[in-house]
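The block underneath contains the structure these notes are about, expressed in structure tokens.
Just so we're clear, the structure is a prediction, and the values are computed from it rather than from any experiment. So that the names make sense, note that chain A is the first sequence line, chain B the second, and so on, each numbered from 1.
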Amino acid sequence: MVSLAMSPVTAPGSASTAWLESVLKAFEPSLPAPGASLGGLPRRRSAARDELRRTGLPPTRQEAWRFTSLAPLIAVPPQVLPVPELLGPKPDHPPASGALRLYWDGDRDPLAGMDLPEGLSRLETGLQDSLLGTVLEVAGTTGSWLVRFNTALAGQVLALRVRGNVAVPLELVSDCGQGSGVRPLRLLLVMEEDASLDLLEVHRAAGTSLTSVLVEAQLAPRARLRYGVLAQGTESSCLLAHLAVSQAPASELDLTTAAGGWGLVRLEPAIIQVQGSAATRLRGLQVSRDRQIADLHSLVRFEGPNGQLDQLQKAVVDDAGRSVFHGAVQVPQAAQRTSASQLSRNLLLSDRARVDAIPQLEIVADDVRCTHGATVTRLQQEELFYLRSRGLGADQAARLLLDGFCDEILASLPKSASRWEPANALLRQALPR
Amino acid sequence: MTSTASVGDLVSQPYRYGFVTDIETEKIAKGLNEDVVRLISAKKHEPLFLLNFRLRAYAQWLQMEEPDWASLGHGPIDYQEMIYYAAPKQQAKKASLDEVDPKLLETFDKLGIPLSEQKRLSNVAVDAVFDSVSIATTYREKLAEHGVIFCSISEAVKDHPDLIERYMGTVVPINDNFFAALNSAVFSDGSFVFIPKGVSCPMELSTYFRINSGDTGQFERTLIVAEEAASVSYLEGCTAPMFDTNQLHAAVVELVALDDANIKYSTVQNWYAGDAKGVGGIYNFVTKRGHCRGARSHISWTQVETGSAITWKYPSCVLQGEDSSGEFYSVALTNNLQQADTGTKMIHVGPGTRSTIISKGISAGRSSNSYRGLVQIGAKAVGARNYSQCDSMLIGDTAAANTFPYLRSQQPDASIEHEASTCRISEDQLFYLQSRGIGLEESVSMMVSGFCRDVFNQLPMEFAAEADKLLALKLEGSVG
Amino acid sequence: MIRPDAPVLLEIRNLHATVGDQPILKGVDLTLRAGEIHAVMGRNGSGKSTLSKLLAGHPAYTVTAGTVRYRGDDLLALAPEERARAGVFLGFQYPVEIPGVSNLEFLRVATNARRLAQGGEELDTFAFEDLVCERLKVVQMDPAFLERSVNEGFSGGEKKRNEILQMALLDPLVAILDETDSGLDIDALRIVSAGVNQLATPDNCILLITHYQRLLDEITPDFVHVMAAGRILRTAGKELALELERRGYDWVDEGLASSDHAEADATALEVA
């Protein structure tokens, strides 16, 4: 008899509690390094530590975590990820010409010694103090586990202010290399009216590491943010990123995430159009193979009329990989004339792989156009056949189709991503055999 | 806006079936414990296996917690304040309709379900269930000629205990969920249908459920078995009087389809929904599941859900047999403060299995209407296919429409396709219809029934028009 | 056909209307008698489409002054469906699509509502199908369109044929055809026009709202009115349409400029 109950997986045991406790110990707050901006961090940090001790790791019986196993997480050594002596441009990936690259390790100040282009500046400590956490409050995600975890660990915040059009694309690079341990990163981005920025965040890891990212971005009226997250990991590395964005009217957000190779990657874009009337475009691609878990939980909420959302989330899953997409779209009564479309497309390439797609549409306003769709299929056999009938080998044909499937998303990354060869980085291994 | 038509609110149409039949009823004392379970079993002269079934379920139920994941808003249900068995006092066994209390016949007459020989529907056999017992089943002899068994579950327990023992609880295990466990412990009556190998049931079968008592829970149990290459179309209807308290209705329906069998199960649910302020109404917490056990078997659920204060039901199909198929067609309409959380689960186990889901939710007033569904394709379901379409229509800007589809696949050679959309009735469309002489309310109901057409087309012909009317009636007052 | 003794069907006097706060109609006068075909011409934004929708009772427009009498009764007091049942028909410029609602069913309900209002009998489905099949010929429409949803996926020409089919079924006394020629190729225009000509009788009247002369080549009007800035600036016989075609609408602007000076007596521009 097949069990039909949507039954929870057993909650993680004491191993996870011990792991969490060790991580908290390793990140015991100490006196901040000179020069690091402090903001309102210490108070929040100790509250988050208490909260985390109380709740432990997220239980899989919680709806938001039902499909996401945390095993790869607690395999990461509960220590601070050692920081390499020197930072500098990696010879294999020089910055795109004209782009400004900042190296981000959670310890040193990425802005130290950097010439910032016109329009981009460090946010004053006082402002940082008052603004930190406000986007999370607007989004209602302060209690999210990813937020709490990062808040409990992060000892510094990279706080940036954008004024006017920043002509230079910004790259924010965190490379954990072969290192083992946990790296917390926190970004606060304040975009003033009419400001505009291209931002590419790159996360790489090859050791047994956990990168925890917390981003708060605040878009004032008519601000425009093109934001890419390119994340390439390996089987033993984990990435947890919560990306909260508040959008004022007439602002535009174009967020593209592309992640692959991680033992566990979970991205949580949480976008709030605070008075509606803004444009949100979300593009996402996640690739998982072997026993990798890729999870994207998105939330988009319209708190005023005339908002727009265009979301396309794709996944490629091979071997015993798992992919989760949970996409909430909330259209309350105030959000008349919202136009929202969401599409989740999943390619399932192996009979040991698994895809869970959970679109979630909550609507109260009546004068709205909301659609969503989801598909789970393998590569289209007709398309494969067509290519093969033109002389392509089966692998070659599959590769071509897969590239096409992914390129639709990757093409939306900020231009400087091309330096990182995103398609190769993500898809190198994920091919049908 | 001037003279006509913004879609808003107006006076509500009274519920037509809200009367109470004044009839002497035998009730047991309120509350639930093991003795009550034994008493129910004893009253029905049940064999030992069934008593044990009930006791096992009761023991399980004690261990379980009421689910809250559907985040439905209702006050706590006091299971000790409820009566678990109520039956109109009359000769237990009705040899013929002449012996049935005329008041009961009159009740069903008023509900539009005439049972007497002269008036009864010509091509539909009806089992009429009043509170906890079945009071009459029409056309039994004619059906028996074809080998079809159609009777109340209590009678089936007496006359066909082997079939009951073989099938009951095999589709919905007693510990499946809180309400299924409760039902398994205290179920009162319901219908039993058995279609033997190779037989196409010669007429529509129908059960009509009527709650009459104000303090009684209704826990009916229905079991339909279609043997190899058998087929049947079954329809249930439900109404209840208006009380200002909430009554619990926790039914279990199990369908079993063997090789090449075909079961079509339709529901027109119109339990009392409570008043415009949300006082009273039925809590409709129902577990319905079909098991396509045999190759090429087919189970189709069609539901029109318009009543109940709260509806919580997910008629599901376990598609085990190779090339078996499941369908779910649903219209759920909520108005005032009603809450509906309904959908389906399609569990693809066997290769070549197919499923189709068409769900239409209409929310008016301050109601909340959610589609919640699961499509699961297991690792062995090579070539499985699912198509789902979930559309919502909002009437007014205070109603909520939610869609929560869960799609899970473990089989690359399979496909799941899900589409959802939200629409409303536009002023332009209303004006167009009105400018052709069609009144406002009729315009709205035309558009709503157009919206629901894909589902109504699945209903047996006799009931499609009925469902259409019911919807129009329910919407009366939601526009003005 | 002009017959001075023919009964007045529609009488519009000093009609002012707004949409939101925006005044659109600023004093329209128009009299339609049985047997007459009128054409109202004008540029986009002159108010001619407003006039047609207002006559059908569209809720977006508010009448701020003036009267409309239909066979002597106050038309403006009636709900849209009451107007339709009484015999006022609007052929829409952009007929909406109504998914799910069967065209045949829609036509039957509408026709029966009108028949009941006329004191007739409702038609059952069979009798109605006979009627509709006969009326289909008026617009040479494929019966397949009856099986589809109202206007859903119809081409522009098919939608307009469906409008005229409705006119044929509802048997109106006043038929207002709003830009019926727009979106039609020449063949479709001929078919639709032939349908309208066939439906014009000594007992009803037709108000054509159009931008171009080409419709009037097919349906000959008895009167042509030029509308601008929410008023009827000039009225004459069918030769006025030709003049418009020849001279364009620019001279209307001149007329408009002079009328601004004579605001108090806008109606003086009309032919008495």
Within a 6.0 Å radius of atom CZ on Arg291(A), are there more than 12 heavy atoms belonging to other residues, nucleotides or ligands?
no
Can you tell which part of Ala357(A) gets under 4.5 Å to a heavy atom of chain B, answering side chain, backbone, both or neither?
both
Heavy-atom pairs under 4.5 Å with chain B - which of Arg345(A), Gln330(A), Gln333(A), His326(A) has more of them than the others?
Gln333(A)
Under 4.5 Å from any heavy atom of chain B - which part of Ala365(A)
backbone
Minimum heavy-atom separation for Asn402(B) to Glu362(A), with atom names?
OD1-CA, 3.1 Å
Engaged part of Asn346(A) at the chain B interface, taking heavy atoms whose separation is under 4.5 Å:
neither
Stepwise side chain to side chain contact (heavy atoms under 4.5 Å, CB included) test for Arg424(B) and Asp367(A):
CA-CA 7 Å; Arg424(B) 65 163 187 162; Asp367(A) 186 8; 3.3 Å; yes
Pairs of heavy atoms under 4.5 Å with chain A: top-ranked of Ala399(B), Ser426(B), Ala414(B)
Ala399(B)
Between Ser368(B) and chain A, which part of the residue has a heavy atom less than 4.5 Å away: side chain, backbone, both or neither?
neither
dist Ser363(B):OG -> Ile363(A):CD1 (nearest 0.5 Å) comes out at 9.0 Å
Would you mind checking which part of Gln336(A) comes under 4.5 Å of any heavy atom in chain B, side chain (CB onward), backbone (N, CA, C, O), both or neither?
side chain
Minimum heavy-atom separation for Leu348(A) to Ser409(B), with atom names?
CD2-OG, 3.2 Å
Are His372(A) and His418(B) close enough, and set up right, to give a side chain to side chain contact (heavy atoms under 4.5 Å, CB included), and what steps lead you there?
CA-CA 8 Å; His372(A) 68 165; His418(B) 170 91; 3.3 Å; yes
Asp356(A) side chain near Leu407(B) side chain, heavy-atom distance below 4.5 Å
no
Considering all heavy atoms of both residues, which atom of Val364(A) and which atom of Asp397(B) are nearest to each other, and what is their separation?
CG1-O, 3.7 Å
Non-hydrogen atoms of Gly396(B) and Asp366(A) that approach each other most closely:
O-CB, 3.2 Å
What part of Asp413(B) is in contact with chain A, defined as an atom under 4.5 angstrom from a non-hydrogen atom: side chain, backbone, both or neither?
both
Check whether any side-chain heavy atom of Pro412(B) lies under 4.5 Å from a side-chain heavy atom of Asp351(A), and answer yes or no.
yes
In terms of heavy-atom pairs under 4.5 Å with chain B, which of Thr377(A), Val376(A), Leu347(A) leads?
Val376(A)
In terms of heavy-atom pairs under 4.5 Å with chain B, which of Leu343(A), Thr371(A), Val368(A), Leu361(A) leads?
Leu361(A)
Looking at every heavy atom in both Pro405(B) and Pro359(A), which two are closest together, and how far apart are they?
CD-O, 2.9 Å
